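This one's a predicted model, so the numbers in the text were calculated from it and none came from an experiment. First the proteins, then the strands, lettered A, B, ... as listed; each starts at 1.
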2 protein chains.
Amino acid sequence: MSPSEADSALPAGGGAFLLTQLGTHAAQAFAERIAELDLTPPQAGLLRAVAFGPGRSQQALAQQLGTAPTRLVALVDGLEQRGLLERRRNPGDRRLHAVHLSVAGEAVMADIGRVSRDHNDAVLSALDPAEREQLRALLARVATDRGLTPGVHPGYRTLSAADPGSPSREDRATY
Amino acid sequence: MSPSEADSALPAGGGAFLLTQLGTHAAQAFAERIAELDLTPPQAGLLRAVAFGPGRSQQALAQQLGTAPTRLVALVDGLEQRGLLERRRNPGDRRLHAVHLSVAGEAVMADIGRVSRDHNDAVLSALDPAEREQLRALLARVATDRGLTPGVHPGYRTLSAADPGSPSREDRATY
DNA sequence: GTAAATCGTTACAAGTTGTAACAGTGACTC
DNA sequence: GAGTCACTGTTACAACTTGTAACGATTTAC
């Protein structure tokens, strides 16, 4: 636990490890928060993507989120049945479904924003406002450097770690 | 994209969101790195836990990692067949299996440390050493405040988001 | 006007994870 | 000293989520 160990030798003491540890923790805490709105994190992410760019096709949304179009079908289905999303036929090209937010969907988006702010305050409660801004600036620089799309989680994509000869179980996980 | 928006309104611009975004990204990058050693992140986590406290029982390891003892069985099985871990019968209490690292396991631990250092440098390449230490200190304070166990990922535990009446699919994900 | 391409949908299959029940061993009590 | 209860590790089972492939509907190109 000495600082010299944490800096030089220990693999679990580096900033990258802390990043994954805290990131997973923050994701779990956020999932519990929005569960109060009867929403899951993927649903919230889709709502946010639609709110950011309304009227897009499902394939465009899938490409931005980095997931397969198949997943979007069930996702949009659930939110449409709850009256939060609408599939509108595009008169110009009747193949694609323009996805829009309903009035109820916009209200839920406001709720999501409120929950996100509470979540943000809870996670960063150990830091004062100046330190929070300091952390945010550092993280934003790292995110830009790594080529991350603003506002989109990389959790939609699957990691490919297939090696021949590896055992069938215990292959891949979020860790 | 203006700073005022990111600070006050946008739910995706806060530090907590950046934390989950970067945490997932770092976890994926680490998974790709250790795949070169034919290891998965859970396997690396178990090896690290055993190296940190050798000779513990599987239940003790499961409790520390926050996972079910069932998962540890297959995990230890795979690493034992590869000659990295050893199950030794404790003469004092023949019920429990004392889990130790083999010589090959210690060598792999050295490889993991090397890979982790490279991974750490790659993820934080946008920051100079002083900024990395600054970020590390801020993250460490948040992690302590949130009660996270040093060196252990919270990804082993399952999130419970069960609500009656919710659809069977699209329930829960890492996001 | 016919053929190729695109979008959304559905059905199928694979993999991973959690829950519950089962032998072996030790501790405690009478 | 025998019996009962508690604990460790293991195995088998079931549920869930995710990715791949094939199928109508519609548009564009030749």
TODO: Measure from CG on B:Leu72 to C1' on D:dT10 and round the result to the nearest Å.
DONE: 12 Å
Task: Between C:dT17 (C1') and B:Leu65 (CG): distance, integer Å - done: 16 Å
TODO: Write out all pairs satisfying ring pair (Phe, Tyr, Trp, His ring centres under 6.0 Å) with one or both partners inside residues 104-133 of chain B, taking only residues at least two apart or from two chains.
DONE: B:Phe30-B:His119
TODO: Please identify each residue that fulfils side chain to side chain donor-acceptor pair (under 3.5 Å) with A:Gln63, with sequence neighbours left out.
DONE: none
TODO: Tell me which nucleotide among D:dT8, D:dT10, C:dC7 gets nearest to the side chain of A:Gln59.
DONE: C:dC7
Open item on the list: Could you check whether any side-chain heavy atom of B:Asp111 comes within less than 4.5 Å of a side-chain heavy atom of B:Ile34, counting everything from C-beta outward?
Closed with: no
Open item on the list: Expressed as a whole number of angstroms, how long is the span from B:Gln63:CD to D:dC7:C1'?
Closed with: 13 Å
Open item on the list: Side chain of A:Thr70 only, heavy atoms from C-beta on: which candidate in D:dA21, C:dT19, D:dG9 is closest?
Closed with: D:dA21
Task: All pairs passing ring pair (Phe, Tyr, Trp, His ring centres under 6.0 Å) where residues 40-84 of chain A contributes a residue, at least two apart - done: none
Task: Atom of A:Leu127, atom of A:Arg132 and distance for their closest heavy-atom approach - done: O-NE, 3.0 Å
Open item on the list: What I'd like to find out is whether the side chain of B:Leu22 reaches to under 4.5 Å of the side chain of A:Thr20, using heavy atoms alone.
Closed with: no
TODO: Round to a whole Å and report the spacing from NE2 of A:His97 to C1' of C:dT6.
DONE: 13 Å
- [ ] Kindly give the heavy-atom pair with the smallest separation between B:Gln64 and B:Arg56, and that separation in Å.
- [x] OE1-NH2, 2.5 Å
- [ ] Rounded off to whole Å, could you give me the CG-to-C1' distance for the B:Leu75 and C:dT17 pair?
- [x] 13 Å
Task: A:Leu96 CG to C:dT6 P, straight-line distance once rounded to whole Å - done: 13 Å
Open item on the list: Return a single string for nucleotides 24-30 of chain D, one symbol per nucleotide in 5' to 3' order, where B is base contact, S is sugar-phosphate-only contact and - is none, cutoff 4.0 angstrom on heavy atoms.
Closed with: --BS---
- [ ] Applying side chain to side chain contact (heavy atoms under 4.5 Å, CB included) between B:Leu46 and each of B:Val76, B:Leu84, B:Val99, report the one that passes.
- [x] B:Val76
TODO: For B:Arg71 and C:dT19, give me the distance from atom CZ to atom P, rounded to whole Å.
DONE: 12 Å
Open item on the list: Let me test you: for the helix from C:dG1-D:dC30 to C:dC30-D:dG1, what is the angle between the axes at its two ends (five pairs each), rounded to 10 degrees?
Closed with: 0°
TODO: Name all pairs fulfilling the ring pair (Phe, Tyr, Trp, His ring centres under 6.0 Å) condition that reach into residues 129-152 of chain A, sequence neighbours left out, sorted by first residue then second.
DONE: none
Open item on the list: Does C:dT9 have OP1 or OP2 under 4.0 Å away from a side-chain N or O of A:Arg87?
Closed with: yes
- [ ] Quickly work out the B:Glu80 CD to D:dT10 C1' distance and round it to whole Å.
- [x] 13 Å
